[in-house]
Amino acid sequence: MTRYSIFRLARNALAYRPNWPRAWRSPDPRPAYDVVIVGGGGHGLATAYYLAKEHGVSNIAVLEKGWLGGGNTGRNTTIIRSNYLWDESAHLYEKALQLYEGLSRELNFNIMLSQRGVLNLAHNEHDLKEMSRRVRAIRLNGIDSEMLDPQGVKAEVPVINISRQVRYPILGASLQRRGGVARHDAVAWGFARAADARGVDIVQNCEVTGLDVVNSRVRGLRTSRGTIAARKVGLVAAGHSSVLAAMAGLRLPIESHPLQAMVSEPIKPVLNSVVMSNTVHVYLSQSDKGELVIGAGIDGYNSYAQRGSFQIIEGQMGALLELFPSFSRLRMLRQWGGIVDVCPDASPIVGKTPVEGLYINCGWGTGGFKATPGSGWAFAHTIAQDRPHALNAPFTLERFSTGALIDEHGAAAVAH
Amino acid sequence: MLLISCPWCGQRDESEFTCGGEAHILRPADPDALSDPEWADYLFMRTNPKGRHRERWCHTHGCGRWFNMERDTATHDIVSVYRMGEAPPDDRDGNSS
């Protein structure tokens, strides 16, 4: 791997013919691997990277049916935070946030992590009480969190409207100062480059069409680029988790829904934090290019079409203007949809399956990006050791039979 | 936005409707006899197909009545709409989907 540095940048800037080698190889799939990861998004690439780095597994392939990070990794609103109510979630998302904090250096790739603070707004008495409880629970887990009054919100976000003369006035907010945003593509590219450097084969344009399961044990995969034998297979293909699981005869508690987002035309710096509101339901930040990046909730129906309905983004705009009336004449530049796994308890499934050698990482709902490194780290441990790490042990598929659900609906600061 | 034919009200915009998820999930006849995994299958597990999907919808901001719809989750094409308690049109024709 060519190491990126200020000196190399300067040398290439001055060179008549810059020499930037490809960041990762594009190999043909080999006939057999120790571990095959299905899904070349952030979570899958992180899994492969940590398998190679932490567990010494060298013979790994990542299969991606499209291009790297072309699914939800490239479609989310890039928000990172760990302000979850329940201990299980708090530990997992905090692990991810801590890994993010050192990730640019570790991967030698600038993921543009910007810990600009994440505000979650309260609009009524119930919001305030719930928020007060959540902030204390988060602090008990050793994670930074604080409460703001309306003036405190205004001080952080001068452009916000804290008037009481609106339908959903802002009565306060929780603030996680270590939260923020990162460049989503860079997270995928950084993990891909670092995994490739450790010998991981990243195979793009390779769609999995079947799983070979013999006597309840996985033997390999059928793909659009031939049959591949594998001792262990990890499914990390949010949106299509149910489709892949069905290839092994498994049913999941997951429904695939569109989640839409959009960006405005670029404007001068106006918003220096991430602002989220569960009650009016919108969340936004301003990108380095000046665009407002805006997201909200899922479309109500099942879909694999990577697009949604207009009334959803209409509601999103209404919510945006409730908080920021001054954005009313801002034009929207682009709008898109991704397909997210929706789990009944709004928590992910990261662990083993009833099929030996088959592992699954899915169900992150609308909030998977923030977990990318932690998810990959814990999933790599699960695959390498054939048992979950303490961090992801509560997030099993069996919890739906035992009843030990991790209900993060609403508790996760913003609805999933 | 989908254009949906309510069996009682005719064609209306999707914004008048609420999707109620997968249809034809029957409540177990003898709940006491069910094991935990069987309960989990009934309560939580879903087919979630990429392609034709039979689902329940409610005309929330209209007549308020529930009905069934068969819809393609990859294209959003609505294949058929039929009333609660009716068999899916494909089944009545002797086809399977």
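Everything numeric in this text was worked out from a predicted model, so none of it was measured. Residue numbering restarts at 1 for every chain, and letters A, B, ... go by the order of the sequence lines.
- A/P253 is not listed as a side-chain neighbour of B/R46, based on a closest heavy-atom distance of 4.5 Å or more.
- The two residues B/A74 and A/A305 have their closest heavy-atom pair at O-CB, 3.6 Å.
- Heavy-atom minimum distance, B/K50 versus A/K65: NZ-NZ, 4.0 Å.
- Looking at A/L252, the atoms closer than 4.5 Å to chain B (heavy atoms on both sides) all sit in the backbone: N, CA, C or O.
- Top candidate by heavy-atom pairs under 4.5 Å with chain A, chosen from B/D72, B/D41, B/T18, is B/D41.
- Within the 4.5 angstrom heavy-atom criterion, only side-chain atoms of A/L405, from C-beta onward, approach chain B.
- Only the backbone of B/T75 comes within contact range of chain A, judged by heavy atoms closer than 4.5 Å.
- Of the listed residues (A/D299, A/I312, A/N302, A/V243), the greatest number of heavy-atom pairs within a distance under 4.5 Å of chain B belongs to A/N302.
- At least one side-chain heavy atom of A/Y301 sits under 4.5 Å from a side-chain heavy atom of B/E14.
- Residues B/S15 and A/Q311 approach most closely at CB-CG, 4.0 Å, considering heavy atoms.
- At a 4.5 Å heavy-atom cutoff, B/D13 makes no contact with chain A through either its backbone or its side chain.
- Counting heavy-atom pairs under 4.5 Å between each of A/S303, A/P344, A/G300, A/C343 and chain B puts A/S303 at the top.
- Atom CH2 of A/W67 sits in a sparse spot, with 12 or fewer heavy atoms from other residues, nucleotides or ligands closer than 6.0 Å.
- Atoms CD and CD, from A/E255 and B/E55 in turn, are 9.0 Å apart once rounded to the nearest 0.5 Å.
- In this structure a side-chain-to-backbone donor-acceptor pair under 3.5 Å is present from B/N48 to A/S256.
- At a 4.5 Å heavy-atom cutoff, B/L43 makes no contact with chain A through either its backbone or its side chain.
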